[in-house]
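Quick notes on the structure that follows.
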Amino acid sequence: METLRLFTALFVGLLLSCQLGNSQVLDEKAIVEAIGKELEISVWDLNTSNFCSWHGISCSSNNSMVERLNLSGFRLQGNVTLISELKALKWLDLSNNNFHGLIPSAFGNLSQLQFLDLSFNMFGNSIPGEFGRLNNLKALNLSNNLLTGSIPDELQGLENLQYFQIFTNKLNGSIPMWVGNLTKLRVFAAYENEFSGDIPVNLGLHSELLLLNLHSNQLQGTIPESIFAMEKIEFLILTNNKLTGIIPDSIGNCKGLSNIRIGNNKLIGGIPKAIGNITSLTYFEADNNTLSGEIVSEFAHCANLTLLNLASNGFSGTIPPEFGQLNNLQELIVSGNNLFGEIPTSVLRCKNLNKLDLSNNKFNGTIPGDICNTSKLQFLLLGQNSLKGEIPREIGNCVKLLELQMGSNYLTGSIPTEIGHMKNLQISLNLSHNHLRGQLPKDLGKLDKLVSLDVSNNQLSGNIPLELKGMLSLIEVNFSNNQFTGPIPTFAPFEKSLNSSFLGNKGLCGEPLSSECGNIYGYEHNGYHHRVSYRLILAVVCSGLAVFVSVTVVVLLFMMREKQEETAKEAGNTTDEICSKPVIVAGNVFVENLKQAIDFDAVVKAVRKDSNKISTGTFSNVYRADMPSGMILSVKSLKSMDKTIIHHQNKMIRELEKLSKLSHDNLTRPIGFAIYEDVVLLLHQYYANGTLAQFLHESSQKPEYEPDWPTRLSIAIGVAEGLAFLHHVAIIHLDISSGNVFLDSNFRPLVGEVEISRLLDPSRGTASISAVAGSFGYIPPEYAYTMQVTAPGNVYSYGVVLLEILTSRLPVDEAFGDGVDLVRWVHGASARGETPEQILDARLSTNSFAWRKEMLAALKVALMCTDTTPAKRPRMKKVVEMLQEVTQS
């Protein structure tokens, strides 16, 4: 079939060439129609004559020649060679489709082309050298394909190139020296490839380079000083290579540099003091190198610094007290160094501090009583140091803490009861390998969100309190190597734990330990005589049961034989199907009372039928699965880009189990999972009202549909509350869109794809978002440069959803004009002479004055959320408050 389509395309091309002859004006309509048929573009009405009005097409002023062709995100496949016949083409965007095979070298004949985007497809083989003839090309994006080979030297003819993006391919060889001679180059992104050799020493020397992203290659040599020669660079991302040498002093000349990521290399020396000259610096990551010396106090001059990560180096000395001046600092990560002294109390005064990681150093003071002066602290990691003294009772003031690590120190005294006040503690509480004494405080049982508790290797004594049964979210526990006595409370998280979690306590007994508990420990079995009578009764029962089982087995054998004979007669046409039945590698249902209702074989069978597909998202396909029990499930089948998580299967399963306990009314939770072959299936409840996207854009097309603003506002608030909770527990969502918001029978919204945000978490460290870009139309503009998902980015995406709710318009609509999405269309209203009322869905805003007033107030919130400057966007918690004020007013 593919061969036939290719032949048809080539035949049409030859026919067109014969028909056109030497005529000056090509028969553009015939070419466009042929392209539409070859690519099966359903949105093109091939029966209408004005092809210039078709979706994604823009023509010259006399409507005779196609100048722009935008087919991004249509999931198209087929041969695209015919597009090269559109000789007047200036703009070609084929990104986010399913095109594969070779990139047509004939594209090199499009001499007028200025913009070419073929990213996020499956094009393979090498980059065509014919592209070097595109003298007018300003932007070339070949990213996220399967390209191999080196960058062809023919491309050095692209003297007008400003944006050169080839990230996430399999390109190799060295980066050519001529790339540094592209005088107009502003963005060069070649990360996630297999490039080796040195970074060209002239890169940035002759151009106003703004962004250089080469992370995750095999590059060697030093960081060239040429990068900083023009003092224009804003984003420098060289993480995960093999770079050596020092950080050049000239880096301090680039005052507009906001993002420096040079971690996971082999850099040596200290951090230049000139770093303090970079007033725009927001992110500085240099972890996992061999840097040494003291941490320079000049960082304190970088008033916008939000994240400082110097982990896993050889830094010594103390943390500069001047760091207390960094009011915007959110994360300070200096683990794995040789730092010593007291915990820096000045840093604790940073009002926005969210994470403080001092672990694996030589800090030797005590834990200060004002450890939680900053109300926003969520991660406090102090493990593997030499801290002494007692845990201060003021630790209970850390009410927003999600993770507390104090293991492997020299802490003494008892565990303060106030630790039970940290109701939000969720990820981990680790007090292991210290010298703590006394009993476990009963108030620990109030930590009902905590997933992991480790108090091993101390001198704790007494019973394990029954009150710990209140820790309903526990998955991991470790009480080993203490002096605990008595029975282990009967509690599922304890019983499911390994016995090693309780070993080393001579007086401890009960499950999961093999030692039984006698009266001495309070286990009531009513004495010896009762135990004897129980054994006697048990023997009688077992004898009767043995007889019953024997008879039953004989009957079942006869029944099975008859069944096999019947099956053999009917199996003639089903042998292949049985042989190809997939083997389920792993599976579990987290909700106890649903285990009997879910059949994994029925789940797998459902997702293997296209007729059951409900929707297609960025990361997964969603299917409806009807269980034999009558229960209906929504099943996500993860796409190939996410299957790398199978290599860390145990971690994935534990993460899913944690998420199943994540409780919020506006979040979906996995109720189970199944893995077969290399496919991961996530099980969810089925929501009959579908997605918010369907509610807004499909229901509204029905004549009987009556728009209801109170319902929409309630949905908007619910989505905001769900996202605010995620941010509160330090989860950054990867794909916020109306298609990932589900509506239950009462139109209560539930944010989906939460587990994807944990299984693929690029928000920590220097991970790229190239594979987790989100849905088209919702991606914040800064992601193209920062390459990192952020909470402000989530706020932007939510703002797009809120604009959808207010306008009933799609995030991307050809009616907005070329290159204009919903956000730009809304923000550009005043420039077009339109009032805010004209933006709103008239069916709602004209219904009543009260509705219009509330909608205009909500519009202000949406405009704030979609501000182009991330720092100006409100936090999700504030968004919730503002929308709640809309309803109250």
Side-chain angles (χ1 to χ4, degrees), residues 335 339-345 347-348 356-374 377 379-425 427-447 450 452-468 470-471 474 476-486 488-489 501-508:
S335 57
L339 301 169
F340 57 85
E342 299 276 345
I343 292 175
T345 54
V347 175
L348 298 174
L356 178 61
D357 187 355
L358 308 180
S359 60
N360 196 13
N361 277 287
K362 299 177 180 178
F363 289 102
N364 51 14
T366 59
I367 298 174
D370 56 355
I371 189 73
C372 278
N373 266 2
T374 170
L377 193 63
F379 300 90
L380 180 58
L381 312 179
L382 305 175
Q384 295 175 284
N385 279 290
S386 300
L387 298 172
K388 55 184 183 293
E390 298 188 1
I391 300 173
R393 296 189 178 277
E394 291 85 354
I395 197 73
N397 297 331
C398 301
V399 292
K400 293 192 175 181
L401 216 57
L402 301 175
E403 182 177 9
L404 177 58
Q405 298 280 353
M406 292 184 173
S408 299
N409 280 288
Y410 298 102
L411 299 174
T412 57
S414 60
I415 300 174
T417 59
E418 287 81 0
I419 213 162
H421 297 171
M422 297 187 291
K423 296 292 185 66
N424 287 305
L425 205 60
I427 298 172
S428 178
L429 172 59
N430 187 345
L431 305 176
S432 66
H433 292 87
N434 280 289
H435 302 292
L436 299 172
R437 297 178 178 274
Q439 296 188 337
L440 282 177
K442 297 178 180 179
D443 282 12
L444 279 178
K446 297 178 180 178
L447 303 179
L450 189 64
S452 176
L453 172 65
D454 190 349
V455 293
S456 63
N457 294 280
N458 282 287
Q459 288 98 48
L460 298 168
S461 57
N463 292 339
I464 297 176
L466 289 173
E467 286 79 3
L468 265 59
M471 305 176 80
L474 270 184
E476 299 173 331
V477 294
N478 195 343
F479 297 95
S480 64
N481 298 315
N482 279 286
Q483 299 168 16
F484 290 119
T485 57
I488 299 170
S501 298
F502 295 91
L503 291 177
N505 294 280
K506 292 183 179 180
L508 208 56

Is there a side-chain contact (heavy atoms from CB on, under 4.5 Å) between Asn385 and Asn364? Walk through the geometry before answering. CA-CA 7 Å; Asn385 279 290; Asn364 51 14; over 6 Å; no
Worked check of side chain to side chain donor-acceptor pair (under 3.5 Å) between Asn481 and Asn457: CA-CA 5 Å; Asn481 298 315; Asn457 294 280; 3.3 Å; yes
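Remark: Gln459 CD to Phe484 CZ distance equals 11.0 Å, nearest 0.5 Å. Note that the CG atom of Asn424 and the CG atom of Leu450 stand 11.5 Å from one another [nearest 0.5 Å]. The OG atom of Ser359 sits 10.0 Å away from atom CG of Leu380, with the distance rounded to the nearest 0.5 Å. To the nearest 0.5 Å, atoms CG (Leu468) and CG (Asn463) are separated by 11.5 Å. Separation of atoms CG (Leu382) and CG (Leu356) is listed at 6.5 Å; rounding is to 0.5 Å. The distance from the CG atom of Asn434 to the CD1 atom of Ile391 is 7.0 Å, given to the nearest 0.5 Å.
Nearest heavy atom pair, residue Leu508 against residue Ile488, reads CG-CG1, 3.8 Å. Ser428 approaches Gln405 most closely through the heavy-atom pair OG-NE2, 3.3 Å. Residues Met406 and Leu431 approach most closely at CB-CD2, 4.0 Å, considering heavy atoms. Taking each heavy atom of Ile427 and Phe379 in turn, the nearest pair found is CD1-CE2, 3.5 Å. Nearest heavy atoms, Val477 versus Phe479: CB-CE1, 3.8 Å. For Pro416 against Pro392, the heavy-atom pair with the smallest separation is CG-O, 4.1 Å.
The shortest side-chain heavy-atom distance between Ile415 and Leu460 falls under the 4.5 Å cut-off. At least one side-chain heavy atom of Leu404 sits under 4.5 Å from a side-chain heavy atom of Ile395. Leu381 is listed as a side-chain neighbour of Glu403, based on a closest heavy-atom distance under 4.5 Å. Contact of the Leu358 side chain with the Leu339 side chain is not registered, since no non-hydrogen atoms from C-beta on lie closer than 4.5 Å. A heavy-atom distance below 4.5 Å is not found between the side chains of Met471 and Leu429. You'll find the side chain of Leu444 stays beyond 4.5 Å of the side chain of Pro465, heavy atoms only. Inter-residue side-chain proximity for Val455 and Leu436 is flagged as unmet; no heavy-atom pair is nearer than 4.5 Å. At a threshold of 4.5 Å between non-hydrogen side-chain atoms, the residues Leu348 and Pro368 count as touching.
Of the N and O atoms on the side chains of Ser461 and Gln483, not one donor lies less than 3.5 Å from an acceptor on the other residue.
Sequence neighbours left out, the pairs with a member in residues 408-422 that pass side chain to side chain donor-acceptor pair (under 3.5 Å) are Arg393-Glu418. Among pairs with a residue in residues 454-465, none fulfils salt bridge (Lys or Arg N to Asp or Glu O under 4.0 Å), at least two apart in sequence or across chains.
Among residues two or more places apart in sequence or in another chain, the side-chain contact (heavy atoms from CB on, under 4.5 Å) test is passed with Glu342 by Thr366.
At least one donor-acceptor pair under 3.5 Å links the side chain of Asn478 to the backbone N or O of Ser480.
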